[in-house]
Amino acid sequence: METKSSLLIIADDDLSYGINQGYYPDMTKAIDLGNLTVYPLSNVDNLKEHDIQLSAQPIGDGEDVYFRNPYANCYVSMKDSDLLNTFVETKSYVIKEALVLMGAKDIVMKESVHDKDSQNYESNNRMGNNFAKAEINGKCVNEVSVDMTSTVESHNPNRKPKSYKEVVDFMNSHGLASDSKLRLLCERLKSDGRISGMEKYEISYCSEIAQAINIAAKIDYKLFSANLDFSSEHNHVHIIKKSLEINFG
């Protein structure tokens with residue numbers, strides 16, 4: 001399976017030409033590293049051939065920036081005012097489904113906590129979006145709401161685990177391949193044929209968006225867009241953490 005980049009930009013003719021001519025070396029470097037994909041607007045209809053899905057059709061104004069949501073195999077437009085909720089909701093549910101496949105009989109969201117680090121991003125976005133309850137027109141993303149759509153609860157005392165291969169295939173296709181905690185549970189399922197007892201699982205959110213914003217900051221997006229400008233003062237945006245309590249019986 002081809003690895004997809006964290007950031008996708010649909011380029012108009014001017015930007016496509018500039019990249020081809022080497023006018024944007026930071027973008028070229030990000031592309032070479034596999035962190036960024038730039039796709040010409042004229043070829044958008046062919047995206048499905050590369051298994052690329054967009055949450056919204058590009059306008060072609062040079063501001064079509066998309067963050068990859070690996071849990072839904074989709075690129076979400078930065079213009080989507082519900083961007084963070086989309087990531088939180090899909091990640092919560094794919095983790096829940098992975099645990100269901102492992103045979104979990106009860107799954108309940110128990111608590112929410114903030115990451116204690118403080119960090120700031122300066123982002124000038126004239127489109128007026130909100131990002132994680134922070135004002136985009138200004139500075140500071142250290143006040144992040146944890147009241148996101150991520151309520152997870154699932155109960156079925158009759159669940160039985162699927163095969164190890166089925167669980168791993170699901171995780172690999174829904175952005176969970178590198179989740180070490182779920183991998184260890186999978187290994188226990190492979191070894192013992194089932195998982196038993198109570199487990200606590202902490203989910204961290206926003207890291208995918210943070211990675212994409214870091215890439216956007218490094219490529220200095222303001223060079224080719226008057227309306228979007230990212231600049232980072234710290235290494236990452238605030239991370240939301242939530243805990244699940246899981247009963248395998």
Side-chain angles (χ1 to χ4, degrees), residues 6 67-74 76 82-121 131-134 140-157 159 161-162 164 166-192 194-214 234-249:
S6 298
F67 296 152
R68 182 173 178 252
N69 183 350
Y71 311 106
N73 190 29
C74 180
V76 184
D82 205 33
L83 176 69
L84 183 61
N85 265 333
T86 298
F87 274 74
V88 170
E89 183 179 49
T90 53
K91 185 170 186 177
S92 296
Y93 280 106
V94 297
I95 288 174
K96 183 201 75 172
E97 290 304 314
L99 293 167
V100 165
L101 291 175
M102 293 182 201
K105 294 172 172 51
D106 299 287
I107 306 168
V108 181
M109 186 75 76
K110 299 298 289 186
E111 61 186 75
S112 303
V113 297
H114 280 291
D115 181 31
K116 300 304 180 185
D117 293 338
S118 66
Q119 52 279 156
N120 298 296
Y121 267 79
F131 178 75
K133 203 184 173 183
C140 183
V141 186
N142 57 10
E143 284 293 330
V144 181
S145 171
V146 294
D147 298 323
M148 295 293 153
T149 307
S150 59
T151 303
V152 173
E153 190 163 342
S154 180
H155 306 277
N156 185 340
R159 282 190 190 123
K162 302 297 183 181
Y164 171 80
E166 286 178 274
V167 178
V168 170
D169 286 347
F170 177 85
M171 288 174 55
N172 288 343
S173 62
H174 288 81
L176 299 175
S178 61
D179 191 307
S180 58
K181 291 167 286 190
L182 289 180
R183 280 286 185 184
L184 287 171
L185 286 175
C186 272
E187 291 306 313
R188 198 187 311 171
L189 175 64
K190 181 180 181 181
S191 175
D192 301 340
R194 65 183 294 257
I195 304 171
S196 58
M198 300 289 295
E199 296 285 340
K200 194 170 184 178
Y201 178 96
E202 189 175 79
I203 309 173
S204 294
Y205 299 102
C206 300
S207 57
E208 298 82 8
I209 297 177
Q211 182 181 9
I213 285 186
N214 269 319
H234 296 276
N235 293 327
H236 58 283
V237 298
H238 205 99
I239 294 175
I240 297 171
K241 294 181 180 178
K242 294 176 180 286
S243 292
L244 292 178
E245 194 171 274
I246 311 142
N247 175 22
F248 286 97

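Atom set for the values below is all heavy atoms of this structure, side chains included, hydrogens, waters and symmetry mates excluded. Not measured: the values here are computed from a predicted model.
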So with a 6.0 Å cut-off around NZ of Lys162, is the heavy-atom count from everything else above 12? no
Measure across [X] and [Y] and return the closest heavy-atom pair with its distance rounded to 0.1 Å.
X: Val94; Y: His174; value: CG1-CD2, 4.0 Å
X: Ile95; Y: Leu176; value: CG1-CD2, 3.9 Å
X: Arg68; Y: Asn73; value: NH2-OD1, 4.4 Å
X: Arg183; Y: Met171; value: N-CE, 4.1 Å
X: Leu101; Y: Glu166; value: CD1-O, 4.5 Å
X: Lys96; Y: Ile107; value: O-CD1, 3.8 Å

Would you say the side chain of [Y] lies within less than 4.5 Å of the side chain of [X], judging by non-hydrogen atoms?
X: Leu185; Y: Val167; result: no
X: Lys242; Y: Glu202; result: no
X: Phe67; Y: Phe87; result: yes
X: Glu89; Y: Lys91; result: no
X: Met198; Y: Glu245; result: yes

Would you please test Val100 and Ser154 for side chain to side chain contact (heavy atoms under 4.5 Å, CB included) and show each step? CA-CA 8 Å; Val100 165; Ser154 180; 4.2 Å; yes
Any chance the side chains of [X] and [Y] put a donor and an acceptor closer than 3.5 Å?
X: Tyr201; Y: Lys181; result: no
X: Glu187; Y: Tyr164; result: yes
X: Arg188; Y: Ser196; result: no

Judged by atom type as modelled, is there a donor-acceptor pair below 3.5 Å linking the side chain of Arg159 to the main-chain atoms of Gly103? no
Please check: side-chain N/O of Lys200 versus main-chain N/O of Leu244, any donor-acceptor pairing under 3.5 Å? no
Leu182 vs Leu99, test: side chain to side chain contact (heavy atoms under 4.5 Å, CB included). Steps then yes/no. CA-CA 8 Å; Leu182 289 180; Leu99 293 167; 3.9 Å; yes
May I have the step-by-step check of side chain to side chain contact (heavy atoms under 4.5 Å, CB included) for Phe248 and Arg194, ending in yes or no? CA-CA 9 Å; Phe248 286 97; Arg194 65 183 294 257; over 6 Å; no
With rounding to the nearest 0.5 Å, note down the distance linking CG in Leu184 to CD1 in Ile195. 10.5 Å
So Ile246 and Asp106, side chain to side chain contact (heavy atoms under 4.5 Å, CB included) or not? Walk me through it. CA-CA 6 Å; Ile246 311 142; Asp106 299 287; over 6 Å; no
